[in-house]
Amino acid sequence: MSYLDELNESQRVAVENIHGPTMVIAGAGSGKTRVLTYRIAHMMENKIDPFNIMALTFTNKAAKEMTQRIGEIVGDGEARNITMGTFHSVFSRILRYNADRLGYPSNFTIYDTQDSKSLLKEILKGFSLDDKAYKVSNVLGRISSAKNNLISPDDYSNNANIQSEDKMSKRPEMAKIYRAYAKRCFNAGAMDFDDLLYQTNVLLRDFPDVLAHYQQKFQYILVDEYQDTNYSQYLIVKKLAAVYENICVVGDDAQSIYSFRGANIQNILNFKKDYPDFKLFKLEQNYRSTKNIVQAANGVIARNKDQIKKTVWTDNVEGDKITVVRTLTDNEEGRVVINKIFDKSKNEGLGYKNFAILYRTNRQSRTFEETLRKLSIPYRIYGGLSFYQRKEIKDLLAYFRLTANPHDNEAIKRVINYPKRGIGATSMQKVLIAANEYGVSFWDVINDFQTYPVDINNGTINKMLDFATMIKSFAAQLDRLDANILAEEIAKTSGILKELRTDKDKGPEEVERYQNIEELISAIQTFVEGQIEGESKSLSEFMLDVALLTDAEEDNKIDPDHVTLMTIHSSKGLEFPHVYLVGLEENLFPSQLALNSRTELEEERRLFYVAITRAKDTCTLSYSNSRFQWGKLITCEASRFIDEVDDKFLSFETPERMGGRSLNNRGSSFDRSFTGGLNKSFTSKSLKPINSINSKSSIKGSSELEIKVGYNVEHDRFGKGKIIKLEGADADKKATIFFPNHGSKTVLLRFANLKILDF
DNA sequence: CCAGTACTTAGGTTG
DNA sequence: TAAGTACTGG
């Protein structure tokens, strides 16, 4: 049992204790994942059948890694028999298997957030509700929170507290909306993300035989990141574990950062109540970070009132102090941080994979991305728009979804007129209204206009019938063809491929869209080839989990030695030798939204704690005194979190600034070195050329070559032309240019990227 | 019905 | 700023 030797004393005890209720409180960097994986391996060494083990993680990535590591210890064949995955993926499979009990088709669609919002918009419109008072994201949040607390539409409307809350916040119709939303999801044979947990609860509550079956199957249950589970998840686990009580939860209350989606720190406290004889293990030795980092982080988190006492410590070296960098603008922050990474990498001979830039919000990635591209440093942005959320991919997937479940209204709305078939918004509205009046799906209506008459002209009716016929022809082949063959057939017959191929201006984005479609089909092919004997190779099989996939599976095409950019949230569980934590400004981090209550501020502080503790060797904090927000320059002050770190762990640094002129020169030399090593993982907005936004000429007086009326210039898109008029000043300076090939255009100099040919 | 344009308004993290 | 929506003229 050599693997036990790789553990310290407290880790080993936690691993060896495989029976009965167990809680492991694992400080940052204390080897939590190692304990979890070795514990499972240890269970299997002790003849526990992997079929009886369920391990629930918070992300797909964590599940994948854990399966792999367990496989290395016990062998892949055995490891794949463990039920392991996120709550959503594990229970979606169980729900599919038992869908008939709940009146859902087994191939129910999973609505992603976009689908949910689109459905809600439709509902709000149908009720003629003011979309200012009822903002879609708020409404969805309210419904989500109801489901996560297992409040049904009936409970919702009968609950006096909720009703008065909604009246107070001027949303008296929430109950009606919730009811309509649930009904329409059901009619469409669709579950949203929250339903996957909510309906699992319904299933286990209303069908004792089903509950008993899974209680027997999952005699050993492990839950990772327990501090981030919500009530709905808590109850599922509690029910399944009720017979054997072999339940092990692992977490760290100090790293609870998902209360916005219903995560309830109370679950950790409930554990003591539910299992009074539980065993508690604390992992307090940090193996990851330097003393400076560990102690600085401890000092910060100590300010939170709500927490379980523990002492995280480390034997590691003292290490460098945490560097704090202040810059004048967000663009400068980008340049300074990237330059630091560039220098450190060169000076110390470090690969770029040792560096991570962490930020509070996704949109902060932009300035860093620009500089990285200018310097041709390989990088990868995690999060943001995933492969499966791109428009062209979602369009094709919508056809797949319809083929598997034609009642999927959101899919039909998306593609019934894409590519263009002459079915307009008005006709669609009419069909939708009829469908909702009769309580059936869009599909039901267009397949039986006799029963569900709609006042639209015959031409349009025929177009809809043609569409239905096409979908039926796909569906007929669902079980006959392998997924990749049918997928290709659908891409062709639906007209999507043609649409993308004939896209007029073949810019890089159009080419990319076409390639993405090809890539999806090849991913499906990989899926087909990966299915073992006896497993279905059908398209519907492939579609089962697609809505739950979040990673763009493109790692193979990216230089593995890249700088990592991600939100702090998605960095949880990861570690990097050198971490740059950026945008440490009041109202950004902590977020302005979190300043109203102590609990919300404490969550931001935990987030800060998570961020610092990702760092192994060095941690750099940066903030800027100004930042562009919604096109306006706002001034910012340093985050209170910087003050909360004891000065003895900090070293303050202001970047060398050689005056406005050299800043400008620097900017333009970057522009020239822009090579655009384009890569699919980069968001499409990054594909635009980078202009002199960085240039301070608009603020500090121009040092760039002045453009004057009469000059001949060249424009990227319009070619050569002559300046005929100049107006505005500074950032708003515009030029009207006559282009022989395109007529006269007015352009913002800031964006036009003009090349001066002669005077 | 469609494509292009004017206007409005974003608060944030994820499966 | 940028994305999404509403409007307008073809």
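Predicted model, so just to flag it, every value in this text is computed and none were measured.
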Given B:dG12, B:dA10, B:dT14, the nucleotide with the shortest approach to the side chain of A:Lys135
B:dA10
What's the closest nucleotide to the A:Thr361 side chain, out of B:dG12, B:dC1, B:dT14?
B:dG12
Select one nucleotide: of B:dG11, B:dT14, C:dT5, the one nearest the side-chain heavy atoms of A:Arg261.
B:dT14
Mind checking if A:Ser144 touches a base, just sugar-phosphate, or nothing, with heavy atoms under 4.0 Å?
nothing
Charged N-O contact under 4.0 Å between A:Glu225 and A:Lys32:
yes
What is the distance, rounded to the nearest whole Å, between atom CD of A:Gln227 and atom C1' of B:dT13?
15 Å
Specify the separation, in whole Å, of atom NZ of A:Lys147 and atom C1' of B:dG15.
14 Å
When you measure from the side chain of A:Ser639 to the backbone N and O of A:Phe589, does any donor-acceptor pair fall under 3.5 Å?
yes
Consider the side chain of A:Trp630, meaning its heavy atoms from C-beta on, and name the nucleotide among B:dT13, C:dG4, C:dT1 that approaches it most closely.
C:dT1
Would you say the side-chain atoms of A:Ser624 and A:Asp330 include a donor-acceptor pair closer than 3.5 Å?
no
CZ of A:Phe628 versus P of B:dA10: gap in Å, rounded?
21 Å
Separation of the C1' atoms in B:dG12 and C:dT5, to the nearest angstrom:
23 Å
Between A:Thr86 and B:dT14, does any side-chain N or O lie under 4.0 Å from OP1 or OP2?
no
For C:dG4 and B:dT13, measure between their P atoms and round to the nearest Å.
15 Å
So if I take every side-chain heavy atom of A:Lys420 and compare against B:dT14, B:dC1, B:dC2, which nucleotide ends up nearest?
B:dC2
Go through B:dC2, B:dG12, B:dT13 for me and flag the one nearest to the A:Ser591 side chain.
B:dG12
What nucleic acid atoms does A:Lys463 come within less than 4.0 Å of, heavy atoms only: base, sugar-phosphate, or nothing?
nothing
Counting side-chain heavy atoms from C-beta on, which of B:dG12, B:dG15, B:dA3 comes nearest to A:Thr113?
B:dG15
Tell me what A:Asn417 touches on the nucleic acid: a base, only sugar-phosphate, or nothing, going by heavy atoms under 4.0 Å.
sugar-phosphate
Calculate the interatomic distance between A:Ile257 atom CD1 and B:dG15 atom P; express it in whole Å.
11 Å
Is the NZ or CZ atom of A:Arg380 positioned over A:Tyr382's six-membered ring, under 6.0 angstrom from the centre and within 45° of the axis?
yes
Does a nitrogen or oxygen in the side chain of A:Lys572 sit under 4.0 Å from OP1 or OP2 of B:dT13?
no
Select one nucleotide: of B:dG12, B:dT14, B:dG15, the one nearest the side-chain heavy atoms of A:Glu604.
B:dG12
Taking the six-membered ring of A:Tyr134, is the NZ or CZ of A:Lys170 close enough (under 6.0 Å from the centre) and on axis enough (within 45°)?
no
Rounded to whole Å, CE of A:Met566 lies from C1' of B:dG12 at a distance of 17 Å
To the nearest angstrom, the CD1-C1' distance between A:Ile634 and C:dT1 comes to 13 Å
Does A:Ser89 place a side-chain N or O at less than 4.0 Å from the phosphate oxygens OP1/OP2 of B:dG15?
no
Side-chain N or O of A:Arg363 less than 4.0 angstrom from OP1 or OP2 on B:dG11?
no
Is A:Thr59 near enough to B:dG15 that one of its side-chain N or O atoms lies under 4.0 angstrom from OP1 or OP2?
no
Please state how far atom CZ in A:Phe260 lies from atom P in B:dT14, giving the value in whole angstrom units.
7 Å
Whole Å only: how far is the CG atom of A:Asn362 from the P atom of C:dA3?
14 Å
Assuming nearest nucleotide by heavy-atom distance, tell me which of A:Thr567 and A:Gly424 is located more 5' along DNA chain B.
A:Gly424
Using a 4.0 Å heavy-atom cut-off across all strands, classify A:Phe87 as base, sugar-phosphate, or nothing.
nothing
Within 45° cone of A:Tyr258 ring axis and under 6.0 Å: A:Arg261 NZ or CZ:
yes
Geometric cation-pi criterion, A:Arg605 with A:Phe641: 6.0 Å, 45°
no
Is the base of B:dG15 touched by the side chain of A:Asp194 through a donor-acceptor pair closer than 3.5 angstrom?
yes
